[in-house]
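Everything on this sheet refers to the single structure shown next.
In what follows, every chain begins at residue 1, and chains take the letters A, B, ... in the order their sequences are listed. Computed from a prediction, not measured in an experiment: that's the story for all the values here.
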Number of protein chains: 2
Amino acid sequence: MTEPATRRREPTTADVARRAGVAKATAARALGGYGSVSPEVRERVTAAAQALGYRPNELARSMGTGRSRTIGLVVGDIENGYFGLATRAISEVAHAAGYEVVLVNTAERHADEADAVRLLLDKRVDGLVVVPAASFDAEHLRAACATGRPVVLLDRRRDDVPALSVSVDVVPAVRELTGALLAAGHRRIAYLTSLEPEFDHPDLELVSSPIADRLLGMRQAFTAAGVPLAPDLALFGAHSPAATAALVDRALEGPDPATAVVSSDAVIALDVLTRLRERGEDLPGRLSFASFDDAPWAPLVDPAVTAVQQPIQQVGAECARLLLEQIRTPGAGPDPGAAPVARSFPARVVHRASIGPGPGARR
Amino acid sequence: MTEPATRRREPTTADVARRAGVAKATAARALGGYGSVSPEVRERVTAAAQALGYRPNELARSMGTGRSRTIGLVVGDIENGYFGLATRAISEVAHAAGYEVVLVNTAERHADEADAVRLLLDKRVDGLVVVPAASFDAEHLRAACATGRPVVLLDRRRDDVPALSVSVDVVPAVRELTGALLAAGHRRIAYLTSLEPEFDHPDLELVSSPIADRLLGMRQAFTAAGVPLAPDLALFGAHSPAATAALVDRALEGPDPATAVVSSDAVIALDVLTRLRERGEDLPGRLSFASFDDAPWAPLVDPAVTAVQQPIQQVGAECARLLLEQIRTPGAGPDPGAAPVARSFPARVVHRASIGPGPGARR
DNA sequence: ATGAAAGCGCTAACAG
DNA sequence: CTGTTAGCGCTTTCAT
């Protein structure tokens with residue numbers, strides 16, 4: 001505690017052992033809480049450690065045991081509240097189990113993600129939770145699985161990676177939401193996602209399961225209602241306020257404008273609402289709006305936003321639990337060749353005031 | 001790349017050396033990028049490493065060098081967007097410099113914070129950024145500084161810890177905001193903070209500089225306006241929606257109710273607005289509202305919220321920069337005994353619609 | 001430029 | 001229960 005600050009080298013088990021007059025291994029046993037030591041020796045060692053201000057070197061410990069009690073978390077965008085919640089949940093579960101979390105933010109850049117995965121593996125994390133960015137290349141994830149250390153995918157499935165995944169099942173909720181829009185008389189429903197236009201591709205499912213699922217649910221609802229789906233209203237590239245504004249303008253102008261807008265997440269929702277307000281659109285009178293992610297502010301804006309609420313904390317917590325389980329029982333994960341295993345939690349629609357009658361409404 | 005998955009032990013420098021037909025040290029030099037190796041040997045070693053799927057063990061590397069290229073970040077509440085932004089900024093700067101960030105969330109619990117700091121130190125992080133939770137005990141922070149590894153305090157100063165701190169200077173902004181409220185005719189201004197009532201204490205400055213600064217700014221504005229400050233309206237304990245609702249009720253009822261409410265952060269703001277709406281309060285007609293933290297949704301609620309905008313990304317980035325600087329030039333930090341050094345960035349008021357005339361307004 | 005050998009601080013296997 | 005002796009995988013003298 002009250003050490004002379006003029007110490008350069010930190011005390012080690014050897015120092016403690018010397019001071020306590022025991023062998024290094026004995027001191028290490030007492031300090032590390034393994035093996036067995038007599039109460040009196042333990043006492044002497046503890047006292048010596050205390051006097052010296054000894055602190056274990058976890059690096060050395062990890063090197064010996066091969067385990068670091070650390071898990072890596074690779075996320076695209078930590079400042080997005082959605083992933084903030086997931087991070088929090090994962091931290092909580094990991095922490096309770098005595099694990100630390102190393103967080104890497106990749107800004108949804110594939111190259112950064114690959115680097116992050118590699119680096120965390122090099123740092124010998126015991127397992128990895130990854131929110132994979134949309135990309136056709138998943139080599140880094142397969143490589144991670146090949147190390148034998150457990151990997152769990154959060155919020156996004158990848159059929160080409162032999163890892164567990166935990167995500168939100170949005171399809172029924174999307175169907176419900178879209179159904180509500182259709183029932184209200186809307187036919188032209190725009191959907192805005194931050195995914196780059198290069199992913200607007202038939203194999204979208206490979207690359208971003210959440211977006212593919214949203215589109216699938218919408219398509220199902222249209223089919224069920226016997227209404228033809230307009231593919232021109234799936235709008236990609238809403239990655240900034242300006243880009244989102246431009247997409248909103250595109251959706252709302254032209255010969256057959258959208259009468260309803262759905263945003264892919266709460267960040268986009270904010271930009272969409274801002275733009276709609278700038279344009280002076282009448283919500284929910286002439287235009288309807290809904291969003292994925294039920295952000296805490298959704299009930300407070302005017303009109304209150306109808307949203308698809310996603311149990312992301314549960315997803316995060318389950319991810320962490322599954323990861324820890326695999327860490328503790330090696331071989332519990334999916335086989336390298338086996339089909340990926342997926343677990344999901346259902347989303348639900350929270351109906352608020354932002355959906356009004358569309359042009360096809362009976363009056 | 002395409003390794004037989006039936007390998008148990010990961011390849012080491014020794015394996016690579018053997019395959020390349022050189023000494024272990026030579027292989028290590030080629031792989032680690034230090035010392036000097038002839039181009040042809042480097043070539044052979046690289047090829048062998050590639051063939052074996054060699055990856056360096058950063059743990060072992062750190063153990064040898066004594067540096068881990070990792071910094072620890074201890075935050076109270078990562079799901080609060082304010083700290084999400086700070087985390088993002090710190091990650092960005094650290095990452096650009098080749099450092100990783102280990103994040104620990106403490107839920108603002110002092111004991112967890114102390115544990116986290118100790119553990120990160122034990123893991124041999126090269127430096128620490130801490131957002132200290134309010135507490136009279138800062139022993140863990142002093143201990144951290146005593147290890148010689150640099151520590152930077154984020155968003156909150158501590159005069160009893162010899163560490164650099166980077167925070168937001170809110171005093172002028174608070175003065176401006178309070179002045180605006182006073183000028184609008186408000187005399188009874190409630191201030192809600194999530195700090196526990198036990199910290200409602202003359203030595204608040206010791207324990208939470210941001211809250212102390214807010215109160216100081218308000219006091220200055222009242223004094224400047226020659227209006228007596230009502231100390232009964234500094235309301236502590238807004239740590240949950242229910243608690244906040246109760247405090248709002250308390251402020252708005254009784255013989256001399258508040259006519260303006262100011263919330264200490266955006267999370268509280270949401271709870272306050274929710275409660276005000278439940279109560280059917282007329283904003284900004286009969287009641288005014290303002291908040292610290294200019295959340296992205298602040299312009300979109302009705303009425304748009306006047307807020308104190310705090311440059312938290314700048315604070316985070318500067319924190320990281322100062323920390324890295326100290327890591328790279330040992331001894332650059334404050335002396336153990338010296339006065340703590342503080343750097344701050346000015347906040348500013350964003351005036352929107354949530355402030356209206358108070359009962360003292362001239363008509 | 002390369003090799004041999006000695007650590008870094010701890011855990012672990014094996015005697016006594 | 002305790003001491004001795006090896007490692008873990010890498011970096012780092014110190015020779016050569």
Side-chain angles (χ1 to χ4, degrees), chain A residues 7-46 48-49 52-70 119 121-126 147 149, chain B residues 7-46 48-49 52-70 119 121-126 147 149:
Chain A
R7 169 193 294 308
R8 260 282 142 276
R9 200 176 54 82
E10 313 234 323
T12 73
T13 41
D15 299 319
V16 175
R18 199 171 313 120
R19 192 177 221 274
V22 298
K24 202 174 55 174
T26 306
R29 277 191 277 256
L31 264 12
Y34 59 94
S36 39
V37 284
S38 68
E40 56 165 340
V41 168
R42 173 184 310 283
E43 174 63 29
R44 276 223 312 283
V45 171
T46 311
L52 257 32
Y54 168 83
R55 294 264 69 211
N57 183 331
E58 292 291 342
L59 245 38
R61 187 170 278 178
S62 298
M63 188 128 119
T65 59
R67 280 160 299 102
S68 61
R69 298 195 78 82
T70 299
L119 194 68
L121 255 16
D122 292 351
K123 289 215 169 167
R124 294 312 189 252
V125 293
D126 293 337
T147 65
R149 265 163 294 178
Chain B
R7 169 194 296 307
R8 261 282 143 274
R9 202 174 54 80
E10 312 233 323
T12 72
T13 42
D15 300 318
V16 175
R18 200 171 313 118
R19 192 178 219 274
V22 297
K24 204 174 55 173
T26 307
R29 277 190 275 255
L31 264 11
Y34 58 92
S36 39
V37 283
S38 68
E40 56 166 340
V41 168
R42 173 184 310 282
E43 175 62 30
R44 277 223 311 284
V45 171
T46 312
L52 257 31
Y54 167 84
R55 294 263 71 210
N57 183 329
E58 291 292 343
L59 244 38
R61 188 169 278 181
S62 298
M63 210 155 82
T65 59
R67 278 159 301 100
S68 60
R69 298 195 78 82
T70 300
L119 194 68
L121 254 16
D122 292 351
K123 290 215 170 168
R124 295 311 191 252
V125 294
D126 294 337
T147 65
R149 266 164 294 179

Please confirm whether the backbone N or O of Ala20(B) pairs with a side-chain atom of Arg44(B), one donor and one acceptor, at under 3.5 Å?
-> yes

Segment of DNA chain C, first to last nucleotide, that comes within the 4.0 Å heavy-atom reach of chain B | dA1(C) to dG9(C)

Using a cut-off of under 3.5 Å, enumerate the N/O to N/O pairs linking the protein to nucleotides 9-12 of chain D.
residue : atom : partner  : partner atom : Å
dC10(D) : OP1  : Tyr54(B) : OH           : 2.6
dC10(D) : OP1  : Asn57(B) : N            : 3.3
dC10(D) : OP2  : Thr13(B) : N            : 2.6
dC10(D) : OP2  : Thr13(B) : OG1          : 2.7
dC10(D) : N4   : Lys24(B) : NZ           : 3.3
dT11(D) : OP1  : Arg61(B) : NE           : 2.8
dT11(D) : OP2  : Tyr34(B) : OH           : 3.0

Atom-pair distance (CZ on Arg44(A); C1' on dG3(D)), nearest Å | 14 Å

Rounded off to whole Å, could you give me the CD-to-P distance for the Glu40(A) and dC1(D) pair?
-> 11 Å

Inspect the contact between Arg67(B) and Asp126(B) and indicate whether a charged nitrogen and a carboxylate oxygen are less than 4.0 angstrom apart.
-> no

[X] side chain near [Y] side chain, heavy-atom distance below 4.5 Å:
X         : Y         : result
Arg149(B) : Arg124(B) : yes
Leu31(B)  : Val45(B)  : yes
Thr70(B)  : Lys123(A) : yes

Minimum heavy-atom distance between Ser68(B) and Ser62(B), given as atom pair plus value = CA-OG, 3.4 Å

For Tyr54(A) and Thr12(A) the tightest heavy-atom approach is CE1-C, 3.6 Å

Scan Ser38(A) against the nucleic acid and name what it touches under 4.0 Å (heavy atoms): base, sugar-phosphate only, or nothing.
-> sugar-phosphate

Residue pairs involving residues 14-33 of chain A (criterion salt bridge (Lys or Arg N to Asp or Glu O under 4.0 Å); sequence neighbours excluded) = Arg9(A)-Asp15(A), Asp15(A)-Arg18(A)

